[in-house]
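Below: the structure, in structure tokens.
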Amino acid sequence: MKFVIILLALASVTRAVVFNCRFEMRQEHRLEAIYACSVTTVSNIFESQTLTAVYGNHRSGKAHEDVKYLNIWKVADLTYFPKGIEKFFPNLIAIATFDCDFHKFQGHEFDAFSNLAWLNIVGNPNLERIPGN
């Protein structure tokens, strides 16, 4: 019985997605300077997995709720957009991905971001499709 419990615990840990962020003020074209999480590394990437932790040192007086811009840059092993990002960053207005290796977006990945005004997907050579709307 103990073996089964340990095995289930290990399986849930290995299927967890973790972001390591550099928190900073960013200025991108068409956006005013906003607080951002620039993802430096991602661990445990599997299709349809959920983000379970975000690590990094916030600027003084800032927290996850202050992050309005998610910048994922050159994370080649990130092939699917993780679920649950909105639980950590509920106020995102901008998401940018550069040189990742996304294969497809189902369309529902961005439903949780009701304030999303800017989405930039660049340099994804294996991207098969982005649904309409």
Name all residues meeting the side-chain hydrogen bond (donor to acceptor under 3.5 Å, both in side chains) criterion together with Arg22; count only those two or more places apart in sequence or in a different chain, and write none if there are none.
Glu24
Should we count CG of Asp111 as having more than 12 external heavy atoms under 6.0 Å?
yes
Hey, mind stepping through Thr40 and Trp73 against side-chain contact (heavy atoms from CB on, under 4.5 Å) and telling me if it holds?
CA-CA 7 Å; Thr40 57; Trp73 190 65; over 6 Å; no
Listing, residues 85-96 side-chain donor-acceptor contacts under 3.5 Å, not counting sequence neighbours, or none:
| unit_1 | atom_1 | unit_2 | atom_2 | d |
| --- | --- | --- | --- | --- |
| Asn91 | ND2 | Glu65 | O | 2.7 |

With side-chain contact (heavy atoms from CB on, under 4.5 Å) as the criterion, how do Glu109 and Lys83 come out once you've worked through the C-alpha distance, each side chain's angles and the decisive distance to 0.1 Å?
CA-CA 7 Å; Glu109 289 92 341; Lys83 295 184 278 186; over 6 Å; no
Decide whether a cation-pi geometry holds between Lys62 and Tyr35; the criteria are a distance under 6.0 Å from NZ or CZ to the six-membered ring centre and an angle within 45° of the ring axis.
yes
Step through the shown structure and confirm whether more than 12 heavy atoms of other residues, nucleotides or ligands are within 6.0 Å of CZ on Phe98.
yes
Please report the C-alpha distance between Val122 and Thr97 in whole Å, then the side-chain angles of each, then the deciding distance to 0.1 Å, and finally whether the side-chain contact (heavy atoms from CB on, under 4.5 Å) criterion is met.
CA-CA 6 Å; Val122 177; Thr97 68; over 6 Å; no
Counting only heavy atoms not in Gln27, do more than 12 fall under 6.0 Å of its CD?
yes
Which pair of heavy atoms, one from Arg26 and one from Ala36, lies closest together, and at what distance?
CG-CB, 3.3 Å
Closest approach of Asp66 and Gly61, non-hydrogen atoms and distance?
OD2-O, 3.9 Å
Might you point out which heavy atoms bring Cys37 and Phe23 nearest each other, and give the distance in Å?
CB-CE2, 3.8 Å
What one should report as the nearest heavy-atom pair of Cys21 and Val54 is SG-CG1, 3.7 Å
Shortest non-hydrogen contact from Ile72 to Val39?
CG1-CG2, 3.9 Å
